[in-house]
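Step one of this worksheet: look at the structure below.
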Amino acid sequence: MTTMTETSARFREFKMPDVGEGLTEAEILKWFVQPGDTVTDGQVVCEVETAKAAVELPIPFDGVVHELRFPEGTTVDVGQVIIAIDVAPGSGDAPAPAAAAPVQEPAAEPEAEAEPKGRTPVLVGYGVAESSTKRRPRKGAAAAPEAAAVAAAVQAELNGHGAPAAPTPAPAVPVQGGRPLAKPPVRKLAKDLGIDLATVVPTGKDGIITREDVHAAAAPAAAEAPAAVASPVAPAPAVAEAPAVVSDSARETRIPVKGVRKAIAQAMVGSAFTAPHVTEFVTVDVTRTMKLVAELKEDKDMAGVRVNPLLVIAKALLVAIKRNPEVNAAWDEANQEIVQKHYVNLGIAAATPRGLIVPNIKDAHDKTLPQLAEALGELVTTARDGKTSPAAMAGGTVTITNVGVFGVDTGTPILNPGESAILAVGAIKLQPWVHKGKVKPRQVTTLALSFDHRLVDGELGSKVLADVAAILEQPKRLITWA
């Protein structure tokens, strides 16, 4: 999909790209540039979250940011313009941003038809101030201080504290067309906290109100006001009419389900009710595997890579798949076919701040132990940093989920959609175990293998799980069975 359009010889627009496979929308998490900033080809301008991952978007040309079309927190359809770039700055006055095209009104006043030169730069996603196009201009600069005083008086009356103290003189609050300067997320924060921006003293560059300014303005009100603060521009509402945003002190917190979490929920429901799951368990003595891990950590050939039990378990699963290749398959519902995979893209479930994701190691079956260790390390680091790309999560065939890191003995994992099997690894604990006819303390863990019973029958699933267990009990089989 083309993500760039040319509106003139001077201005270019960058569209929200499809950063995954057939994704239709993405949420803008963070802008790294503002109007007036200079950008270069390849520079990251924003971070977006898709249904699969958080992705940084680079701009494909040089220039100066003219306009950001959407504020942070907005979900944007693929193909919509998100930023406009002036690729020939200094060649003349820039036209008003496209998003702020004048609105035709039946009786527009002359002042609203002309755009004065030397205006204040536009803010994120707002374009030209609404007062110059969508409504009549205010009657004078005194309107802002009057609004501040009235709002403060109404707030104090609603809170039952009588007349407020004299407000700070309004010139301390720069305005654009009668509107205090603030970015959309800051405006939303002020609205949620019931703060009139006209009463907030700005500390940001060029007189822009920051989040800290809003919190500072809200602090005194929170100390004096009752728990439920009424809106300063409307009569005190009943409890049932409280705003949708719930404070931390409330009895409930509501979190919108979107992005990665929404995709996870939909995928898990689809998998659980589409593929007939079967889960088998085995408890195994992994003492020799733990000794091998300790030896590998000291091996010079493994220098610079992370060595842990998961590395040996991953290699054991790859060997088991090689011995039982029929398990590495997918169900094609549309064509009513079983698709055998002659490669293994090994998925590793990773917990991140945005939820559980499953990136996979491409062609893991072809990697040596050091190469597998390096790929595992890169996968985990990238996932924790929130930089996993959609491509890294596509095309998985079999997955490992290590629930043991949470101290859990085992579980019944749900298949990653489109995959045939998933191996859950429990906590490795020192337990009494019969070894060579005597009860001794040994390192023991429980493995659980869930598989799609349309593809994998009980015999095949049992063979795969038994092979993994046998390798972990006697890791020399990594050589004799490979």
Side-chain angles (χ1 to χ4, degrees), residues 1-21 23-100 120-128 181-186 204-206 208 210-211 259-260 352-354 359 378 381-393:
M1 171 181 289
T2 301
T3 60
M4 177 180 64
T5 60
E6 186 170 338
T7 56
S8 68
R10 175 174 174 182
F11 293 95
R12 288 186 175 181
E13 296 175 331
F14 182 69
K15 296 179 179 180
M16 176 68 73
D18 178 359
V19 293
E21 297 180 348
L23 297 174
T24 59
E25 63 182 20
E27 177 187 354
I28 297 176
L29 292 179
K30 184 177 181 179
W31 282 109
F32 298 115
V33 296
Q34 299 296 327
D37 290 352
T38 300
V39 295
T40 57
D41 185 359
Q43 177 179 339
V44 174
V45 294
C46 69
E47 181 181 29
V48 301
E49 182 180 42
T50 71
K52 294 185 176 181
V55 181
E56 293 180 339
L57 298 184
I59 199 75
F61 35 77
D62 302 337
V64 173
V65 178
H66 176 55
E67 180 189 13
L68 306 182
R69 294 289 177 86
F70 298 95
E72 294 173 353
T74 303
T75 298
V76 181
D77 291 337
V78 168
Q80 284 190 281
V81 175
I82 60 174
I83 185 172
I85 302 295
D86 184 350
V87 295
S91 60
D93 291 338
T120 306
V122 296
L123 294 178
V124 182
Y126 272 76
V128 180
L181 300 181
K183 298 177 182 178
V186 177
K205 184 180 179 181
D206 298 325
I208 295 178
T210 65
R211 297 180 66 90
V260 174
T352 73
R354 296 188 177 92
E378 292 177 354
T381 299
T382 303
R384 288 177 178 172
D385 292 342
K387 305 300 182 183
T388 303
S389 68
M393 292 185 284

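We count residues from 1, following the sequence as given.
- Closest of all the heavy-atom pairs between Pro17 and Val78 is O-CG2, 3.8 Å.
- Between the side chain of Thr40 and the backbone N or O of Gln43, no donor-acceptor pair lies under 3.5 Å.
- The heavy-atom pair separating Met16 from Ala26 by the smallest distance is SD-CB, 3.9 Å.
- You'll find the side chain of Pro35 reaches within 4.5 Å of the side chain of Leu68, heavy atoms only.
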- Test side-chain contact (heavy atoms from CB on, under 4.5 Å) applied to Val39 and Phe32, step by step: CA-CA 10 Å; Val39 295; Phe32 298 115; over 6 Å; no
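- Residue Pro359 comes nearest to Thr388 through the heavy atom pair CB-CG2, 3.8 Å, listed as atom of the first residue, atom of the second, then distance.
- Note: Thr74 OG1 to Leu29 CG = 11.0 Å, rounded to the nearest 0.5 Å.
- Between Val81 and Phe70 the shortest heavy-atom distance is O-CE1, 3.1 Å.
- Between Ile83 atom CD1 and His66 atom NE2 the span is 11.0 Å, to the nearest 0.5 Å.
- Between the Asp62 side chain and the Asp41 main chain, a donor and an acceptor come within less than 3.5 Å of each other.
- Pairing each heavy atom of Ala88 with each of Asp86, the nearest pair is N-OD1, 3.0 Å.
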- Message: Using the rule given for side-chain contact (heavy atoms from CB on, under 4.5 Å), can you reason through Ile59 versus Val33, listing the C-alpha separation, both sets of side-chain angles and the distance that settles it, and then say yes or no?
- Response: CA-CA 11 Å; Ile59 199 75; Val33 296; over 6 Å; no
- Query: What do the steps show when you test Lys387 against Glu47 for side-chain contact (heavy atoms from CB on, under 4.5 Å), and what is the final call?
  - Reply: CA-CA 10 Å; Lys387 305 300 182 183; Glu47 181 181 29; 4.0 Å; yes
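- Under 4.0 Å is where a charged nitrogen must lie from a carboxylate oxygen, and between Arg69 and Glu67 at least one such pair does.
- Here the straight-line distance linking atom OG1 of Thr38 with atom CD1 of Ile85 works out to 10.0 Å at 0.5 Å rounding.
- Nearest heavy-atom pair across Trp31 and Cys46 is CE3-CB, 3.5 Å.
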